[in-house]
Every structure is written in C-alpha cells, then in structure tokens.
Amino acid sequence: MWDVLKAHQAQAPRIVDLFEDGGRSEAFSITADGLYFDYAKTDITEACWEDLVRLAEQAEVAKWRDSMFAGEKINVTEDRAVLHTALRNLDGGPVEVDGEDVMPGVKEVLAKMGDFAEAVRSGEFKGQGGKITDVVNIGIGGSDLGPVMATIALKPYADGPRTHFISNVDGADLADTLDGLDPATTLVLVASKTFTTQETMMNATSVRDWMAKSVSDPAAQFAAISTNLEATAAFGIPAERVFGFEDWVGGRYSMWGPIGLSIMLAIGTNDFNDFLRGAQAMDQHFVTADLSQNMPIALALVGIWHHQIHGHATRAVLPYEQRLLRFPAYLQQMEMESNGKSVTRDGKEVSQTVGPIVWGEPGTNGQHAFYQLIHQGKQVVPCEFMVGAEGHEPELAHHHKAILANCLAQSEALLLGRSYEVAKERMAAAGHEGEALEAHAMQRVFAGNRPSTTLVYQKLTPFVLGQIVALYEHRVFVEGVILGINSYDQWGVELGKELANKLLPAVEVDADLSEVHPATSAIISKINALR
Ligand SMILES: O=P(O)(O)OC[C@H]1O[C@](O)(CO)[C@@H](O)[C@@H]1O
C-alpha cells in the first residue's frame with residue numbers, strides 16, 4: 001500500500017484545482033459533536049483517500065483500537081494495558097484488566113479527588129495560615145505538561161486557588177515560581193507516576209524545605225499523585241492525601257485522572273467532569289464512526305500522507321487561541337515521545353520514517369515570527385490551524401473577528417499563493433518599473449499549494465478541550481498502529497537519565513574526571529574554570 005500511496009503522490013494535483021468541481025469541503029471534512037475538521041486544503045484526491053483508508057484497514061486499526069478499549073495489554077514492551085480512556089468512561093460499562101473491572105477503582109479515586117478539591121476550594125481544608133490561595137504542582141513531562149496546558153486553556157473557568165507549576169530541575173524555575181507565594185496558604189502537589197524522577201524529587205524536597213521555614217508541619221500541606229504508594233509514604237505524605245493510579249495510564253495520557261488534580265482545583269469538579277465528558281464523546285466517536293468518517297483516523301491519515309508519503313519533516317500546530325499557548329508543547333510530548341521510535345512493537349526496524357517534528361505557537365503571534373518560512377521557505381510545513389467560533393470576551397468581539405480573519409487568511413494564502421505576474425502587476429501599479437520591478441517582484445511571489453487543515457470548535461470550554469485532546473491522543477495511536485509502533489513506552493528517555501545520575505558526582509568541583517568520557521570531561525573542565 002505504501003507504493004500505491006507513493007504513486008498517488010507522484011501525480012498529486014495542485015490543491016486549488018481540487019476545489020474546481022465544488023463539494024470539496026463537504027467531502028473532505030468531518031463533524032463530530034460540534035467539532036469540525038476540514039482537510040480539504042490538502043492534495044489528497046478521492047482515490048488517494050480511499051487508499052489511505054485501506055492502509056488503516058490493512059494495519060487493522062479497528063482491531064487495535066478495540067483491543068485498547070477492552071483493556072488488552074497492547075503496551076507489549078511493558079506488558080501493560082492502555083486505559084487512559086477508562087479514566088473518562090463516566091457513563092460507560094465495565095472495563096476489565098486481567099479479568100477485573102477497573103471502573104469501581106477509577107470512580108473511587110475520582111470521588112476522592114472531588115472531595116479533596118472541593119474541600120480546598122471551599123476553605124474546609126486549610127493551610128497553616130488559612131484558606132489555600134495557591135496550589136503548586138511539582139511534576140515534569142506527563143505530570144506537568146497536560147495540567148499546565150489545560151489550566152491556561154480553561155482560565156475563564158478557573159474560580160479556585162491560583163495554580164503554579166514547577167517542572168525544571170533548574171532552581172530558577174522553583175525560585176521564580178515560589179517568589180511571592182505564602183507558604184502558609186500554599187498547597188503542594190507532588191505529581192509523579194514513578195515518584196523517582198530526579199527533577200520532581202529534588203524540587204519536592206526543596207519546596208518542603210522552603211515551607212518548613214514558615215510552617216511547623218509542611219507535610220500537612222502536601223498531597224501526592226503517584227502509582228508508587230511506598231515512595232509517597234516514605235516522603236511523608238499521609239495516605240488520605242495520596243491519589244493513586246494504575247500502571248495502565250501512561251504519563252503523557254494521565255491528566256484525566258489524579259494527575260489532573262491541579263486542573264480540578266482550579267476549575268472545580270463540575271467543569272472537570274465536563275472535560276472528561278468531552279474526551280469520552282471523542283472516544284465514542286473514535287469507536288463507532290466508520291473508518292473513512294472517523295476524525296482521529298482522518299487526522300492520522302493526513303499526518304501519514306504529509307510525513308511518510310510526502311516526506312515533509314515537520315508539522316506546525318497553530319491554534320488561533322491564545323489560551324492554547326502550551327498546546328503545541330503538550331503535543332510534542334504526546335506525539336514525539338509516543339511515536340519517535342525506530343523499531344516496531346516486535347523489535348524490527350520501522351519501514352517508514354517516523355515523527356514528524358511537531359511544533360507551533362498561537363496565531364497571530366507566530367505570523368510575526370516564523371510564518372515567513374512557512375509561506376516562502378523551500379521546505380513545506382503542513383499546518384494544522386485551530387480556531388473557535390467564539391471567544392470568552394463578548395466585550396472584545398471585534399478582537400475575535402480579527403483572530404478568525406487572520407486564521408482563515410493564512411490557510412487561504414498558503415493554498416493560493418501569489419504568482420510572479422500578479423506580484424509584478426501590483427508593484428507596477430504602485431509605481432515601480434524597470435529591472436528593480438522584475439527583481440523585487442520575485443521577492444513577493446508565494447508558491448502556494450501548501451497544505452493545511454483547520455479544526456473549528458464552538459468555544460474553548462472544558463468539554464471542547466476534552467474532545468480536542470482525546471482527538472490528538474487517538475490520532476497518535478492510529479499513526480503508531482499504522483507504523484507498527486508501540487506508542488505507549490518511552491525507552492528513548494532512559495539513556496540520558498542514567499547518564500545524568502552518573503554525571504552528578506562528576507560536576508562537583510575537584511571531582512575525579514578520569515572515568516568520564518573525554519568528550520564530556522573537556523566541557524566539565526571549562527565549566528570548572530568558570531566557577
Ligand atoms: O511522572 P513521572 O514518573 O515523574 O515521569 C515524568 C515523565 O518522565 C518520562 O518518563 C520521560 O522522561 C515521561 O514519560 C513522564 O511523563
């Protein structure tokens with residue numbers, strides 16, 4: 001099938017020509033529960049789409065999807081089920097792992113989170129200086145990026161304590177975040193699936209020291225979120241404030257459960273449940289929609305078409321929504337940690353390139369930074385635009401019209417481009433002439449024919465955010481299945497972690513560097529000379 005798709009690519013039409021017969025947007029778009037995904041501005045023809053869908057069929061996407069939802073151990077390298085979907089299975093039936101229904105446990109933990117969150121929000125749970133005003137979540141990767149992204153995204157719904165995040169082991173992160181906070185009214189959440197991550201444990205210990213300077217019982221203002229209950233107890237956090245989860249929830253898929261406690265503290269249990277409901281709605285669409293009308297599958301196939309078939313190295317995610325500021329960073333972990341692999345789930349070399357590199361910034365800011373390259377650079381960057389029909393600021397509706405116009409203008413500019421003739425005409429009309437006119441007109445040519453997709457939602461509510469995140473989760477999974485990858489392990493992060501622990505003693509001043517690789521010891525010597 002890969003060869004067939006390559007043949008489609010070799011004769012791909014100009015995208016704009018595909019709009020000539022009409023009906024292109026209707027045929028190349030999918031709507032699910034108010035979410036609209038438009039992939040008309042790609043050079044995928046009808047015949048090509050049929051073959052892309054066939055690729056998904058041949059890879060048995062539906063079978064793998066059903067296995068995942070059924071709790072089978074599809075994370076084969078870690079012998080684990082993959083059930084982040086169970087965390088949002090609010091009204092669904094039982095989900096079994098090893099013959100046991102996990103749903104009672106999921107609901108129990110969700111209720112415990114809700115009780116705690118509401119106690120904190122109402123002031124029933126107090127710090128040693130009174131009502132909790134600030135929550136600091138200490139975590140990294142999947143124990144940070146989702147909650148950071150979601151708390152920024154859902155700011156209009158945040159009516160609880162202020163939320164802050166410390167992730168980097170760089171003391172600057174800790175110092176700047178704690179600056180101005182009152183330890184006596186601050187609640188600290190230590191979020192770590194393993195509770196062994198160097199950065200998180202170092203930050204947690206330092207924050208406890210900071211708190212111990214001001215309150216008599218720092219542990220009383222700590223809660224923990226982890227699968228490692230022995231380690232949370234050893235850190236001194238009492239069981240009533242430990243929120244456990246199971247190994248079948250991957251770190252980067254974990255904000256639907258206890259890792260999302262900071263989100264729940266910020267927006268409250270009702271809105272958090274709406275967030276879960278949005279994700280559950282997308283799960284249901286993914287499970288029930290026909291393969292060719294299935295939004296996560298469509299996103300994945302468009303991704304495969306652009307990266308594996310066309311060879312476009314990167315993918316830009318461009319939310320025209322300032323509050324999705326951290327969404328590209330969140331997707332970087334979700335996509336690149338999940339599918340940035342070279343071997344298939346049975347240990348063979350992956351036949352295609354994997355990736356792509358995912359990056360982006362909200363519009364319109366990106367327009368004034370890197371869009372120059374997207375429009376006129378030599379490499380093609382498929383763009384994924386996202387925009388809401390409405391904003392949360394009715395008094396600033398004219399701003400929202402501007403964001404809409406900009407978003408639509410960019411995808412249209414990428415599609416249509418501007419020819420040399422038009423550029424020349426415009427310059428001549430502006431009074432330019434002669435050789436300068438010719439040369440300058442060249443600078444104003446836009447090749448066009450640059451692909452993009454657009455995801456439209458009504459408004460960035462908790463429900464919609466849940467839909468969008470689940471959409472991308474499933475897209476990553478489908479791409480992984482098509483490539484034969486296990487998207488749920490992350491062995492590629494291990495080597496660096498091991499070496500960092502090994503090198504910690506070597507960066508002491510006066511350390512013996514004889515056992516350190518010369519490529520590294522040379523830099524350590526330079527650093528030592530500077531301190
Ligand atoms: O939640 P933990 O166990 O502290 O891990 C943090 C992150 O580290 C990673 O293992 C990668 O280093 C991620 O997968 C994970 O989200």
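Note that the numbering runs from 1 along the sequence shown for the chain. Order of appearance sets the numbers: ligands from 1, and atoms from 1 within every ligand.
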Taking atom CD as the centre, does Gln352 end up with more than 12 heavy-atom neighbours from other residues, nucleotides or ligands that are less than 6.0 angstrom away? yes
Under 3.5 Å, N or O to N or O, is Thr200 touching ligand 1 that way? no
Polar-atom distance check: Gly251 versus ligand 1, any N or O pair below 3.5 Å? no
So that I can tick it off, tell me whether [Y] and [X] are bridged by a salt bridge, with the cut-off set at under 4.0 angstrom between side-chain N and carboxylate O.
X	Y	value
Glu335	Arg315	yes
Asp489	Arg80	no
Glu479	Arg475	yes

Can you confirm if the NZ or CZ of Arg88 lies within 45° of the ring axis of Trp256 and under 6.0 Å from the centre of its six-membered ring?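 That pair qualifies as a cation-pi contact.
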Please identify which of these residues, Asp271, Asp159, Asp115, meets the salt bridge (charged side-chain N to carboxylate O under 4.0 Å, His left out) condition with Arg121.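 Checked Asp271, Asp159, Asp115 against Arg121; only one passes salt bridge (charged side-chain N to carboxylate O under 4.0 Å, His left out): Asp159.
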Under a 4.0 angstrom heavy-atom cut-off, which atoms of ligand 1 come close to Gly142?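 Ligand 1 atoms under the 4.0 Å threshold to Gly142: 15 (C), 16 (O).
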Within a distance under 4.0 Å of any heavy atom of Thr197, pick out the atoms of ligand 1 and give their elements. 2 (P), 3 (O), 4 (O), 5 (O)
What protein heavy atom sits nearest [atom], and how far off is it?
atom	value
atom 14 (O) of ligand 1	Glu337 OE2, 2.6 Å
atom 3 (O) of ligand 1	Thr194 OG1, 2.6 Å
atom 6 (C) of ligand 1	Ile140 O, 3.2 Å
atom 9 (C) of ligand 1	Lys497 NZ, 3.9 Å

When you compare the side chain of Thr77 with that of Arg345, does any pair of heavy atoms fall below 4.5 Å? no
With a heavy-atom distance limit of 4.0 Å, tell me whether Val493 approaches ligand 1 through its side chain, its backbone, both, or neither. side chain
Taking only non-hydrogen atoms of Gln333, do any sit less than 4.0 angstrom from ligand 1?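 Flag set, Gln333 near ligand 1.
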